[in-house]
**Q** 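The structure follows.
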Amino acid sequence: MTTAVPAEHGLIVAGCSRRKKSVAAPVPALDLYEGGCIPGLRDRLGANVRLRQRIRIVSALYGLLHADSPIIPYDRRLTTVADANVLRQRVAPDLAADMPAVTHVLALVEPLYLLALEPVVRRLDTIRLHWIPAPRDWHRAAAVLDTWGWR
């Protein structure tokens with residue numbers, strides 16, 4: 001079943017990945033990460049400016065990134081609930097600013113990263129959340145995007 005979701009009403013939140021390109025200068029976040037669902041997102045939506053603007057990446061180091069936020073490679077993992085709570089404090093204000101018009105969220109994040117998405121969870125009565133806890137499961141993510149009409 002297809003439910004057309006206008007770009008301004010949808011939001012994709014993906015977790016960062018350990019695998020990154022080896023670069024010396026900052027590159028857009030969507031272009032840096034090589035693991036999880038990021039390559040699939042990049043291949044599917046990276047050239048579509050309107051949809052690319054609806055992608056956020058939750059980084060253990062940087063917090064909430066836009067697809068085009070310039071960053072350099074780093075090595076920091078989210079491993080404890082305490083770390084996730086600290087990340088939530090950093091991410092919540094930026095994510096809340098994205099939420100007013102959002103009706104659909106695709107969260108491609110492992111469970112600890114979901115803790116950082118409090119503004120999304122707080123609105124479960126008014127949004128449709130698709131949570132994929134195994135970010136490498138690109139086929140499930142692509143199926144959700146198909147129902148939204150995002151190509």
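If you read the sequence from its start, that first residue is 1, and numbering goes on from there.
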**Q** Side chain of Arg140, backbone of Ile132: donor and acceptor closer than 3.5 Å?
**A**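 Judged by distance alone, no pair lies under 3.5 Å.
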**Q** Evaluate the criterion side-chain contact (heavy atoms from CB on, under 4.5 Å) for residue pair Tyr33 and Ile71; output intermediate values, then yes/no.
**A** CA-CA 10 Å; Tyr33 297 104; Ile71 61 171; 3.5 Å; yes
**Q** Would Val49 and Ile55 show up in the same hydrophobic cluster when neighbours are defined by side-chain heavy atoms closer than 4.5 Å?
**A**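 No, no single cluster joins them.
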**Q** Check whether any side-chain N or O of His9 sits under 3.5 Å from a backbone N or O of Ala101 as a donor-acceptor pair, and report yes or no.
**A**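 Judged by distance alone, yes, a pair lies under 3.5 Å.
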**Q** Do you know which two heavy atoms are closest between Leu64 and Val91, and how far apart they sit?
**A**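 The answer is N-CG2, 3.8 Å.
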**Q** Out of curiosity, does Ile57 fall in the hydrophobic cluster containing Leu45 (side-chain heavy atoms, cut-off under 4.5 Å, transitive links)?
**A**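 Cluster IDs for Leu45 and Ile57 match.
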**Q** Count I, L, V, M, F, W, Y as connected when their side-chain heavy atoms are under 4.5 Å apart, and connections chain through other members. Are Trp131 and Leu11 then in the same cluster?
**A**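 Yes; Leu11 is reachable from Trp131 via cluster members.
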**Q** Tell me if a side-chain donor or acceptor on Arg56 pairs with a main-chain N or O of Val13 at a distance below 3.5 Å.
**A**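 Here the side-chain-to-backbone pair does not exist.
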**Q** State, to 0.1 Å, how close Pro73 and Leu32 come at their nearest heavy-atom pair, and which atoms those are.
**A**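 Looks like CG-CD1, 3.8 Å.
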**Q** With a 4.0 Å cut-off on N to O distance, would you call Glu8 and Arg50 a salt bridge?
**A**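 Arg50 and Glu8: salt-bridged.
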**Q** Measure across Ala60 and Arg76 and return the closest heavy-atom pair with its distance rounded to 0.1 Å.
**A**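 Distance-wise, the nearest heavy atoms are CB-O, 3.5 Å.
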**Q** Is the number of heavy atoms from other residues, nucleotides or ligands under 6.0 Å of Arg128 CZ greater than 12?
**A**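 12 or below, so no.
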**Q** Report whether Val58 and Tyr74 are members of the same hydrophobic cluster (ILVMFWY, side-chain heavy atoms less than 4.5 Å apart, transitive linking).
**A**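 Not linked; separate clusters.
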**Q** Looking at Val5, is its backbone amide N or carbonyl O close enough to the side chain of Trp150 to form a donor-acceptor pair, meaning the two atoms are under 3.5 Å apart?
**A**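 Present.
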**Q** Given salt bridge (charged side-chain N to carboxylate O under 4.0 Å, His left out), test Arg151 with Asp146 step by step and report yes or no.
**A** CA-CA 7 Å; Arg151 301 198 182 282; Asp146 286 345; 3.0 Å; yes
**Q** Could you report the tightest heavy-atom contact between Leu115 and Ala84, atom names first, then the distance?
**A**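 Smallest heavy-atom distance, with atoms named: CD1-CB, 3.8 Å.
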**Q** Do the side chains of Ile12 and Leu51 get nearer than 4.5 Å, heavy atoms only?
**A**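 No, every pair of side-chain atoms sits at 4.5 Å or beyond.
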**Q** Within the supplied structure, the quantity of interest is the number of heavy atoms (other residues, nucleotides, ligands) at a distance under 6.0 Å from Leu61 CG; does it exceed 12?
**A**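 Above 12, so yes.
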**Q** What are the two closest non-hydrogen atoms of Lys20 and Glu34, and how far apart are they?
**A**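 Closest pair (atom of Lys20, atom of Glu34, distance): C-CG, 4.0 Å.
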**Q** Can you name the nearest heavy-atom pair linking Leu65 to Ala29, along with the distance?
**A**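 Looking at all heavy atoms of both residues, the shortest contact is CD1-CB, 4.0 Å.
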**Q** Flag the pair Leu145 / Trp138 as yes when at least one side-chain heavy-atom distance between them is below 4.5 Å, and no otherwise.
**A**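 The answer is yes; the side chains approach within 4.5 Å.
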**Q** Less than 4.0 angstrom from a charged side-chain N to a carboxylate O is my criterion; do Asp31 and Lys21 meet it?
**A**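 No.
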**Q** Verify the cluster assignment for Tyr62 and Val109: are they in a single hydrophobic cluster under the rule of side-chain heavy atoms below 4.5 Å apart?
**A**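 Different clusters.
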**Q** Which residues pass the ring pair (Phe, Tyr, Trp, His ring centres under 6.0 Å) test with His104, sequence neighbours left out?
**A**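 With neighbours one apart ignored, the set is Trp148.
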